[in-house]
Enquirer: 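The structure under discussion is supplied below as structure tokens; questions concerning it will follow.
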2 protein chains.
Amino acid sequence: MSPSTLKPRPLNHRTHSHAPLFAALGDETRLSLLTKLSAGQQRSITDLAHNSPLTRQAITKHLRVLERAHIVRCTRSGRERLYELDPLPVQSLKNYLDALSNQWDAALTRLRTFVESEHS
Amino acid sequence: MSPSTLKPRPLNHRTHSHAPLFAALGDETRLSLLTKLSAGQQRSITDLAHNSPLTRQAITKHLRVLERAHIVRCTRSGRERLYELDPLPVQSLKNYLDALSNQWDAALTRLRTFVESEHS
DNA sequence: CTAATATGCAACCAAGAGGTTTCCCATGGA
DNA sequence: TCCATGGGAAACCTCTTGGTTGCATATTAG
């Protein structure tokens, strides 16, 4: 087996980091907003802020965070601003986590094989 | 079709939120630490801080964040503290994202079916 | 024993996040 | 037209985050 077969290629995903995406998901309020939006309907800001302990302005800020991370997109309709989910980045994150855990599994497997061959 | 068939069950995952996990992953430094650890070997703090623009103490803080989120665990060996990945929460996050995008897909499908039946 | 190494702890700091309040603008409907 | 409604902007506050420095402690090597 050539050494290059063993090298894991350190999972950088072309330096385009997923950290901002993760950060955008790292807040309870924003996750609950995503839950509401995952029903599939476009919702206005006031609508999303309804039945929330927070102010409309707070919800607005959270929506902007989600928008900057491209987790959510928004279109204007009259005086309303309608938000909806953007399904793509979720897929991107899943791919990243897949790569991470695959690399982890592969490392464990290599380690195990090595240890076994040492003992044979 | 009964209404209960349509209801999406809002994806709460027993109130145990994933926000702290996401937050722990929402930092470039921590992601790069995870990349290093994904090679599968236990690494000491000084080892992980080597070739980093940051101080050892900064790395220590980041490792503690990862530890609190149970993304990483650590064992003491002499005067060293060895960190390694904990593969479980990654799987949990993947499941969560799967649920989210499934719910999103399902909502879209229901919406489409509804629109089509309206036009028939 | 002594020196070097690996880490911990505490104080401190600047910047950002999350939230509120207040006031203003635009639009839709009566 | 007039007013209720949806939303934006800015100022402000507090707590957290990400980082530093300095010093103390424990363990290993010689």
Side-chain angles (χ1 to χ4, degrees), chain A residues 15 17-37 39 41-86 89, chain B residues 15 17-37 39 41-86 89:
Chain A
T15 318
S17 171
H18 298 77
L21 240 78
F22 281 122
L25 294 177
D27 180 279
E28 311 266 0
T29 305
R30 289 197 285 272
L31 281 188
S32 83
L33 284 175
L34 289 184
T35 299
K36 284 174 188 165
L37 286 177
Q41 294 156 3
Q42 299 189 333
R43 311 274 299 263
S44 75
I45 297 182
T46 317
D47 186 12
L48 288 168
H50 193 239
N51 280 336
S52 164
L54 303 182
T55 342
R56 169 182 61 86
Q57 287 83 346
I59 301 295
T60 298
K61 286 190 180 180
H62 283 297
L63 285 172
R64 286 219 237 268
V65 172
L66 291 173
E67 201 176 1
R68 268 203 317 241
H70 297 98
I71 301 174
V72 122
R73 63 172 102 84
C74 118
T75 60
R76 303 204 45 174
S77 158
R79 64 182 163 186
E80 286 185 330
R81 193 174 278 270
L82 298 179
Y83 281 90
E84 64 182 338
L85 267 188
D86 185 348
Chain B
T15 319
S17 172
H18 298 75
L21 239 77
F22 281 122
L25 294 177
D27 180 280
E28 311 266 0
T29 304
R30 291 196 285 271
L31 281 189
S32 82
L33 284 176
L34 290 184
T35 299
K36 284 174 187 164
L37 286 178
Q41 294 156 2
Q42 298 189 333
R43 311 274 299 263
S44 75
I45 298 182
T46 317
D47 186 12
L48 287 168
H50 193 239
N51 280 336
S52 164
L54 303 183
T55 345
R56 170 183 60 85
Q57 287 83 346
I59 301 295
T60 298
K61 284 192 180 180
H62 282 298
L63 286 172
R64 288 220 236 270
V65 171
L66 291 172
E67 202 176 2
R68 270 203 316 243
H70 297 97
I71 301 175
V72 122
R73 60 171 105 84
C74 115
T75 61
R76 301 205 48 174
S77 158
R79 64 183 162 185
E80 285 186 332
R81 192 175 277 271
L82 298 178
Y83 280 91
E84 65 182 337
L85 267 189
D86 185 348

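Just so we're on the same page: letters track the sequence lines, and every chain starts at 1. All of these numbers come straight from a predicted model, not from anything done at the bench.
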Enquirer: Dump every N/O contact between nucleotides 21-24 of chain D and the protein below 3.5 Å, one line per pair.
Expert:
from: dG22(D); atom 1: O6; to: Q57(B); atom 2: NE2; distance (Å): 3.1

Enquirer: Residues in side-chain contact (heavy atoms from CB on, under 4.5 Å) with Q57(A), at least two apart?
Expert: T55(A)
Enquirer: Quick check: on DNA chain D, is the nucleotide nearest Y83(A) upstream (toward 5') of the one nearest G26(B), or the reverse? Name the residue that is more 5'.
Expert: Y83(A)
Enquirer: Distance-only, no hydrogens or angles: does the R30(A) side chain make a donor-acceptor pair with backbone N or O of A24(A) under 3.5 Å?
Expert: yes
Enquirer: To the nearest Å, give me how far apart CD (Q42(A)) and P (dG7(D)) are.
Expert: 12 Å
Enquirer: Looking only at heavy atoms, what is the nearest atom pair of L21(B) and I71(B), with distance?
Expert: O-CD1, 4.2 Å
Enquirer: To the nearest angstrom, how far is L82(A) atom CG from dG7(D) atom P?
Expert: 8 Å
Enquirer: So where does chain A start and stop touching DNA chain C, 5' to 3', when the test is distance under 4.0 Å to a non-hydrogen atom?
Expert: dG18(C) to dG28(C)
Enquirer: Grab the CG-P distance between L54(B) and dT17(D) for me, whole Å please.
Expert: 17 Å
Enquirer: Shortest non-hydrogen contact from L31(A) to S17(B)?
Expert: CD1-OG, 3.9 Å
Enquirer: Once rounded to the nearest 0.5 Å, what's the spacing between atom CG of L66(B) and atom CG of L85(B)?
Expert: 9.0 Å
Enquirer: Does anything in residues 57-75 of chain B form a salt bridge (Lys or Arg N to Asp or Glu O under 4.0 Å)? List the pairs, not counting sequence neighbours.
Expert: R73(B)-E84(B), R73(B)-D86(B)
Enquirer: Closest nucleotide of DNA chain C for A23(A) versus for K61(B): which of these residues is on the 5' side?
Expert: K61(B)
Enquirer: Check the distance between dG6(D)'s P and E80(A)'s CD and give it to me in whole angstrom.
Expert: 7 Å
Enquirer: Detail all sub-3.5 Å separations between protein N/O atoms and N/O atoms belonging to nucleotides 26-29 of chain D.
Expert:
from: dT27(D); atom 1: O2; to: R79(B); atom 2: NH1; distance (Å): 3.0

Enquirer: For the residue pair S44(B) and L82(B), what are the closest heavy atoms and their distance?
Expert: N-CD2, 3.8 Å
Enquirer: Is there side-chain contact between L25(A) and L25(B), with heavy atoms separated by less than 4.5 Å?
Expert: no
Enquirer: Might you point out which heavy atoms bring Y83(B) and L37(B) nearest each other, and give the distance in Å?
Expert: O-CD2, 3.6 Å
Enquirer: Is there a donor-acceptor contact under 3.5 Å from the side chain of R81(A) to the main chain of C74(A)?
Expert: no
Enquirer: D47(A) has an atom CG; how far is it from atom P of dG6(D), in whole Å?
Expert: 10 Å
Enquirer: Just the rounded figure in Å: distance from P of dG18(D) to CZ of R64(B).
Expert: 14 Å
Enquirer: Within this structure, what is the CZ-to-C1' distance between R43(A) and dG6(D), rounded to whole angstrom?
Expert: 15 Å
Enquirer: With sequence neighbours excluded, what pairs up with R43(A) under the side chain to side chain donor-acceptor pair (under 3.5 Å) test?
Expert: D47(A)
